[in-house]
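Okay, structure first, notes after.
Throughout, protein chains are lettered first and strands after them, A, B, ... in sequence-line order, and every chain is numbered starting at 1.
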Number of protein chains: 2
Amino acid sequence: MIFDDFLRGRRRDRLSSADLEILEAAASDLRTLPARRTIITRGQAVRHSTYLIDGFMCRYMDDREGERQLVAVHVPGDFVDLHAYPLETLDHDVATLTECRVALVPHDKLDAILATQANLAKLLWFSTLLDAAIHREWIFRLGRLSAAARVAHFFCEMEAKLRVIGRSDGKAFDLPLTQADLGEICGITAVHLNRMLRDLKERGLMAFRGGRVTIQDLPGLARFSEFDPGYLFVDQPGSVTSP
Amino acid sequence: MIFDDFLRGRRRDRLSSADLEILEAAASDLRTLPARRTIITRGQAVRHSTYLIDGFMCRYMDDREGERQLVAVHVPGDFVDLHAYPLETLDHDVATLTECRVALVPHDKLDAILATQANLAKLLWFSTLLDAAIHREWIFRLGRLSAAARVAHFFCEMEAKLRVIGRSDGKAFDLPLTQADLGEICGITAVHLNRMLRDLKERGLMAFRGGRVTIQDLPGLARFSEFDPGYLFVDQPGSVTSP
DNA sequence: CGAACTATTGATTCGGTTCAAGTCTTGTGG
DNA sequence: CCACAAGACTTGAACCGAATCAATAGTTCG
């Protein structure tokens, strides 16, 4: 099923099977998008939202010189640009990082859900506010943490997000990003990011190579980066990996 | 009326008078809160949300050493912690900056609105995603702008937000924050913030003194800080100050 | 095999922090 | 009304974290 990972580990029990059927029925269009493709440009009016089934996507803004700042990284189960439904137009760009399988959900189908399925609508609303909570944590990360801690914090976040959908076991996971991407996430240059990765390895916390993260000391990494997963709203911080 | 400033300048025309009456009826409790008081602490379950009628509020997170990072500054007309309705518990703290007049809206009233007033519900959802768009801009600001540009960008944002509710004429406005607050917004120390204010004054862009902003060159300030108000979703970027 | 990313390392510069001292305000009580 | 305390602001000097510039090494793919 398309929405198997939607809100996985996060009040998914409140999604009735009827709700899920309605969601599945609303997903009009399944597509595979190539890697590194911008699919929505800021300001453009959009009439459907993109649900990510498989792959990695991101949202970003760029400055006058064209330097990117990533503002979100999305994993399977994320309703990537559901924000566009109430907003009608986006303030940022949306792009794929890897090849992605997505489902497109037309906004008029969402209108029908909002008019008749209050419970489901509230859960959709919740999922957009989860993104907002993650945005806030990114503000904190950029505003208060050192470069090394920012990097570590981001890896902790990805580990937690991927764990709930069964794509991390707490020891290693795939994260198909380049060092330049990581720099654009953490607000530092790719050169400095590279040094920070070396630093994290030397501290015995983790390693990153070729899009794969190997964690040596997850509690240590969380401590080092002041990571507290509360903002991810996972039901039981323990094991929620089973479907 | 309590909700006179709600979504002012931002699709307020889509709020019917019936919608407004429902909102007014949902606001059970009017209160005046003292300045510099934390009213919601992270993790705490909340059963009502706070709409700001008058005054300034903020949302913040603090690091291990207790250093604050502000993640939002709210002005009259903002539904400050409507996020808490779908989220049920907040990931951050909410506090007043000045003395504030607020209206409390119980979440069960919002449940009723969601179940029966799809149009109003969508506008409430929109207002929370406006906050999310502002969060994204803050990420950009912290990740990509220099200290001086961050400060200038924040003042541009406040000018735009206050203008739509008729509290700025583009030349000067009250912003009752200390330099320490501004530092916690821009992710720099209060000492450096002070130097950046001097810098902005020497550039002939603006001045800040005793909680009052005097703008000498608004287009210049926007240019300097790469400020583009699109993310604030104001209907006509021009004059929308009339009630 | 070569082109084009991607990653790594070194040397230098610069923006912002830190620490420290001092001044200006504002409010309070004698 | 003045004395004083507590914030809020201002300025300087030294230091440090991150950017920049530059050169080289891997890697991947056509």
What residue among A/Leu90, A/Ile40, A/Leu70, A/Val71 forms side chain to side chain contact (heavy atoms under 4.5 Å, CB included) with A/Arg59? A/Val71
How does each nucleotide of nucleotides 18-30 of chain D score, in 5' to 3' order, for protein heavy atoms under 4.0 Å: base (B), sugar-phosphate only (S), or none (-)? BSBB-----S---
Whole-Å gap separating C1' (D/dT10) and CG (B/Asp199): 15 Å
Can you measure B/Leu97 atom CG to D/dA8 atom P for me and round it to whole angstrom units? 12 Å
Regarding B/Asp199 and B/Arg195, does a basic nitrogen lie under 4.0 Å from an acidic carboxylate oxygen? no
The complete set of side chain to side chain donor-acceptor pair (under 3.5 Å) pairs with one or both residues in residues 174-186 of chain B, sequence neighbours excluded, reads B/Arg36-B/Asp181, B/Asp174-B/Arg212, B/Thr178-B/Asp181, B/Gln179-B/Asn194
Just N and O in the side chain of A/Asn194: are any of them under 4.0 Å from OP1 or OP2 of C/dT8? yes
When the distance from CZ of B/Arg36 to P of D/dG7 is rounded to whole Å, what number comes out? 13 Å
Is the backbone N or O of A/Gly55 less than 3.5 Å from a side-chain atom of A/Thr98, with the two atoms forming a donor-acceptor pair by type? no
Do B/Asp131 and A/Arg136 meet the salt-bridge criterion of a basic N to acidic O distance under 4.0 Å? no
Atom CZ of B/Phe208 to atom C1' of D/dA8: distance rounded to whole Å? 11 Å
Measure from CD on B/Gln179 to P on C/dT23 and round the result to the nearest Å. 18 Å
Does the distance from a Lys or Arg side-chain N to an Asp or Glu carboxylate O, for B/Arg163 and B/Glu159, drop under 4.0 Å? yes
To the nearest angstrom, how far is A/Leu200 atom CG from C/dT8 atom P? 13 Å
For residues 60-68 of chain A, which side-chain donor-acceptor pairs fall under 3.5 Å, sequence neighbours excluded?
residue, atom, partner, partner atom, Å
A/Tyr60, OH, A/Thr38, OG1, 2.9
A/Tyr60, OH, A/Asp93, OD2, 3.3
A/Asp63, OD1, A/Glu65, N, 3.0
A/Asp63, OD1, A/Gly66, N, 3.1
A/Asp63, OD1, A/Glu67, N, 2.8
A/Arg64, NH1, B/Arg223, O, 2.9
A/Arg64, NH2, B/Arg223, O, 2.8

Please indicate whether A/Arg101 has more than 12 foreign heavy atoms, meaning atoms of other residues, nucleotides or ligands, lying under 6.0 Å from its CZ. no
Let me know the distance between CZ of B/Arg198 and C1' of C/dG16, rounded to the nearest Å. 14 Å
Of residues 55-65 of chain A, the positions that come close to DNA chain C - non-hydrogen atoms, cut-off under 4.0 Å: none
Using 4.0 Å as the upper bound for N to carboxylate O, is an ion pair formed by A/Arg144 and A/Glu226? no
For A/Leu7, enumerate each residue passing the side chain to side chain contact (heavy atoms under 4.5 Å, CB included) test, keeping only those at least two apart in sequence or located in another chain. A/Leu123, A/Phe126, A/Ser127
Please check: side-chain N/O of B/Arg167 versus main-chain N/O of B/Leu162, any donor-acceptor pairing under 3.5 Å? no
Just report the end-to-end axis angle for the helix from C/dC1-D/dG30 to C/dG30-D/dC1, five pairs per end, to 10 degrees. 40°
